[in-house]
Amino acid sequence: MAEEHGTSQPDPSRSAASPSPPPPASVPLTPGPRAAVLQKVFDQALARTLRANSYANFSGCFPTPAKYVPSSLESVWRQLNAKLEESARAEFEDIIRERDAVHQLNELDRLVGEAVYRRDNGQGDGDVAAHTLTPDELYRAHLTPYLQEAQETLNSKIESTQNENAELAQRVQTQRMEIENLLSSFDSVVADLEGAAAAATQFCQDHDLRKEAIQMDEEVKDNSDI
């Protein structure tokens, strides 16, 4: 019975010598430090873009509606900004989801934290033979370059999006100037038409006076003949 009891208990020395590492902690799906910074950078860039399209700048391109129907013009401006913000955020979320950015950045945070801990505690000094590493350590060693490349690619995409937003803002500003020039030309045409209408009215009045004068002259002549 003692022998059977001995075989049923685990050997503490064998457990202590086991090279198998504990399972790694699961990577949280909530944004970590780097993912939070990424979201903050995007929010700041989008806010700058929206501020560039302020109501003052927008209404300056449409002076006539701004004067007579300001509430309608402001509603259009709000809808335009809301659509721009919605589209930008949707595209950003698509990029984050396609690249699995939150998970990858969280994993990078974890790896960096482990590296800092090992450095501060004197671990990892000198060369380490590959065969002495655990499977999890080997996995992370191969994964780190990919994560760094993914972060660089994501940063490049964000920079490209920011450049596109800047070009879009410049294009909008150019279109505003064109619209303002067209409205200015339209005002000149309206002024010319009003002047022509006034001249036509004056001509009609002068013409009626001339007809009355001719008629009176003919009546005087007729009376003199009699």
Side-chain angles (χ1 to χ4, degrees), residues 19-55 57-58 77-177:
S20 301
S26 60
V27 179
L29 297 180
T30 55
R34 282 176 170 76
V37 169
L38 175 63
Q39 183 67 48
K40 182 179 179 181
V41 169
F42 170 76
D43 291 338
Q44 291 174 345
L46 181 58
R48 285 195 297 269
T49 301
L50 295 177
R51 281 198 301 269
N53 189 29
S54 64
Y55 180 70
N57 293 335
F58 183 78
W77 168 74
R78 291 184 184 280
Q79 292 177 10
L80 176 64
N81 272 10
K83 185 62 177 177
L84 176 61
E85 181 178 6
E86 180 183 358
S87 300
R89 290 193 181 279
E91 184 175 355
F92 179 75
E93 292 298 332
D94 287 343
I95 295 174
I96 292 295
R97 184 169 52 257
E98 290 174 1
R99 298 289 180 175
D100 195 18
V102 173
H103 180 274
Q104 303 290 2
L105 291 175
N106 288 352
E107 176 67 12
L108 181 58
D109 288 334
R110 187 181 67 81
L111 293 176
V112 172
E114 288 184 0
V116 171
Y117 175 81
R118 293 165 69 89
R119 181 199 63 190
D120 294 342
N121 289 273
Q123 301 177 12
D125 295 337
D127 296 333
V128 178
H131 69 275
T132 62
L133 298 176
T134 65
D136 185 63
E137 289 172 335
L138 288 172
Y139 166 76
R140 291 200 303 268
H142 286 288
L143 182 63
T144 300
Y146 170 77
L147 292 175
Q148 292 174 343
E149 181 182 358
Q151 184 179 21
E152 293 174 358
T153 301
L154 187 58
N155 291 338
S156 176
K157 268 187 168 294
I158 292 175
E159 183 179 0
S160 177
T161 302
Q162 291 175 343
N163 293 335
E164 291 176 359
N165 289 339
E167 293 177 0
L168 178 61
Q170 182 63 34
R171 196 156 57 243
V172 169
Q173 187 64 26
T174 302
Q175 291 175 352
R176 288 177 185 163
M177 294 178 63

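For reference, positions follow the sequence shown, starting with 1.
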Within the 4.5 Å heavy-atom criterion, are [X] and [Y] side-chain neighbours or not?
| X | Y | value |
| --- | --- | --- |
| Ser87 | Lys83 | yes |
| Leu38 | Ile96 | yes |
| Arg78 | Tyr55 | no |

| request: Verify the neighbour count for atom CZ of Arg34: are there more than 12 heavy atoms of other residues, nucleotides or ligands below 6.0 Å? | output: yes

| note | Hits for side chain to side chain contact (heavy atoms under 4.5 Å, CB included) against Leu46, two or more places apart or cross-chain, chain-then-number order -> Phe42, Leu50, Glu85, Ala88, Arg89

| salt_bridge(Lys40, Asp43) N-O dist < 4.0 Å | no

| task | For the pair Glu114 and Arg110, find out whether any cationic side-chain nitrogen is under 4.0 Å from an anionic carboxylate oxygen. | result | yes

| request: Would you list the pairs meeting side chain to side chain donor-acceptor pair (under 3.5 Å) in which at least one residue belongs to residues 156-176, sequence neighbours left out? | output: Asn53-Arg176, Gln173-Arg176

| remark: For Ala35 and Asn106 the tightest heavy-atom approach is CB-OD1, 4.3 Å

| For the student: nearest non-hydrogen atoms of Ala36 and Pro31, plus distance | N-CB, 4.2 Å

| task | Measure the CD1-CD distance between Ile95 and Glu93 for me, rounded to the nearest 0.5 Å. | result | 10.0 Å

| Which pairs, with at least one residue in residues 144-173 and sequence neighbours excluded, count as a ring pair (Phe, Tyr, Trp, His ring centres under 6.0 Å)? | none

